[in-house]
Protein chains: 2
Amino acid sequence: MNAPRRRADAAENRARILQAAREVVANAEEVRLNEIAKRAGVGQGTLYRHFPTREALLAEVYRKDVDDLVAAAPGLLAEHAPLPALARWLDRVAEYAKVKRGVFAAVEAGLWQDLSAHSLGPIGETLSTFLDAGKAEGTIRPDIDACDVILLLGYLTRLEPAEWDARAHRLLHVILDGLRHHA
Amino acid sequence: MNAPRRRADAAENRARILQAAREVVANAEEVRLNEIAKRAGVGQGTLYRHFPTREALLAEVYRKDVDDLVAAAPGLLAEHAPLPALARWLDRVAEYAKVKRGVFAAVEAGLWQDLSAHSLGPIGETLSTFLDAGKAEGTIRPDIDACDVILLLGYLTRLEPAEWDARAHRLLHVILDGLRHHA
DNA sequence: CAGCTAAGCGGACACGTGTCCACTTTATCG
DNA sequence: CGATAAAGTGGACACGTGTCCGCTTAGCTG
């Protein structure tokens with residue numbers, strides 16, 4: 001972590017790539033890696049060196065959004081019972097996914113890589129918080145974990161914009177009902 | 001449907017492509033369209049003319065499997081109440097998805113195209129049968145449709161083989177619980 | 001300050017997908 | 001049977017992703 005050898009220019013390149021990525025994401029609908037590289041004035045090799053996959057890049061670009069989402073969790077848990085709190089939080093997640101479709105897909109994919117590495121990542125951790133609270137209370141079935149929920153939430157990725165309003169919210173409720181522990 | 005003009009050789013090409021596709025799917029893990037074209041002795045253009053997307057091709061290759069799945073539905077509905085019948089059918093679907101992962105993804109994607117075209121396709125129709133029976137009985141919530149269920153089922157596509165046994169069945173139950181109508 | 005070493009660079013390349021269009025073939029019709 | 005129109009063909013091409021490797025250059029070392 002502490003200052004690997006040649007950080008000066010490498011870090012600058014990394015920053016430039018990120019900057020370029022933000023611009024491209026903001027302006028264009030399509031996010032093409034080589035375009036980002038060109039705009040940042042670096043070769044693809046450099047881009048891929050800093051961000052091994054497209055998901056890694058997008059995840060970094062939107063790290064702040066994820067942080068905001070994560071930060072909202074404790075407040076919800078303090079004010080509501082676990083299940084309603086989770087419902088509200090997922091509403092926020094879904095809202096976000098609606099606006100930033102492509103990004104959400106990327107984040108989800110990245111998240112999936114985290115899971116392979118036996119790390120839940122910030123989103124997974126947050127989900128676990130809700131789930132644990134619900135399990136302790138006895139309202140959430142004890143046999144599921146954050147990974148399961150993420151799997152189910154994946155539908156948000158595939159939902160066409162046109163179908164969004166009609167289905168997203170309702171399906172969230174279906175999932176929440178499924179998570180409920182029927183004593 | 002009845003004999004468009006130049007069917008003779010075109011149909012033969014189509015058959016050869018299908019034949020080649022079956023061989024490739026059976027032998028290789030990777031399914032590359034251009035390999036199929038080469039093996040069939042046709043150009044890519046011809047392949048894409050007959051099957052506009054990779055899903056269309058795969059769907060045709062596995063049409064029989066889908067038919068089998070669809071054919072199993074009436075029997076289940078005759079012997080069981082709607083919800084348990086659906087549970088068993090989804091078990092079969094999941095079982096199939098486990099063995100033929102790539103295929104399932106392709107079928108799902110194709111199915112999604114059907115839905116865009118306002119046609120449910122055979123799988124969608126079958127699901128609707130179960131859902132309608134359950135709604136009539138009052139055990140399935142009335143506000144969901146086949147499309148919703150397919151959306152939720154999408155997790156099967158993303159599930160890693162290693163995780164399969166641990167999660168697939170359980171998540172099926174979570175979904176079924178979510179579909180249940182709590183009066 | 002000069003020389004060294006490896007971290008870092010960047011673009012050429014390989015690969016798969018899907019599109020396009022000039023050419024070929026075949027069914028029909030006079 | 002020969003002309004014709006259009007259905008069909010096939011491969012070249014454009015594009016995006018991701019990899020690879022020889023060259024550059026920053027930062028240490030004496």
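Quick note on labels: first sequence line is chain A, next is B, and so on, each numbered from 1. Computed from a predicted model, the values in this text were never measured in an experiment.
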Legend entry - Nucleotide of D/dG8, C/dG18, C/dC9 approaching A/Thr46 most closely (side-chain heavy atoms): C/dC9
Legend entry - Protein-nucleotide distance (A/Glu30, atom CD; D/dT17, atom C1'), rounded to Å: 14 Å
Legend entry - Minimum heavy-atom distance B/Ile144-B/Leu179, with the two atoms named: CD1-CD2, 3.8 Å
Legend entry - Heavy-atom side-chain proximity of A/Asp177 to B/Asp177 below 4.5 angstrom: no
Inset, instruction - Nearest-nucleotide wise, let me know which of B/Arg54 and B/Gly45 is further upstream toward the 5' end of DNA chain C. - result: B/Arg54
Inset, instruction - Measure from CZ on A/Arg49 to P on D/dT24 and round the result to the nearest Å. - result: 16 Å
Legend entry - Residue A/Gln44, side-chain atoms from C-beta onward, closest of D/dG16, D/dA12, C/dA12: C/dA12
Legend entry - Closest to the A/Asp9 side chain, choosing from D/dA26, D/dG8, C/dG18: D/dA26
Inset, instruction - Taking the side chain as every heavy atom from C-beta outward, state whether A/Ile17 and A/Arg14 have any pair of such atoms under 4.5 Å apart. - result: no
Inset, instruction - Provide, to the nearest angstrom, the distance between the CG atom belonging to B/Asn13 and the P atom belonging to C/dT25. - result: 13 Å
Legend entry - Value in whole Å for how far the P atom of C/dG18 lies from CG of B/Leu33: 6 Å
Legend entry - N-O pairing of A/Glu95 and A/Arg92 below 4.0 Å: no
Inset, instruction - Ignoring the backbone of A/Val42, work out which of C/dG18, C/dG10, C/dT26 is nearest its side chain. - result: C/dG10
Legend entry - Phosphate OP1/OP2 of C/dC9 contacted by A/His50 side-chain N/O (<4.0 Å): yes
Inset, instruction - Using the side-chain contact (heavy atoms from CB on, under 4.5 Å) rule, pick out the option among B/Glu30, B/Glu35, B/Lys38 that qualifies with B/Val24. - result: B/Glu35
Legend entry - A/Phe51 CZ - C/dG8 P separation (whole Å): 14 Å
Legend entry - Per B/Tyr48 side chain, nearest of listed nucleotides D/dG8, C/dC9, C/dT19: C/dT19
Inset, instruction - Could you tell me the separation between the CG atom of A/Leu47 and the P atom of D/dG16, rounded to a whole number of Å? - result: 15 Å
Inset, instruction - Take the protein atom CZ of A/Arg39 and the nucleotide atom P of C/dG10, then report the distance between them rounded to whole Å. - result: 17 Å
Legend entry - Nearest-Å distance for atom pair CG/C1', residues B/Asn34 and D/dA12: 14 Å
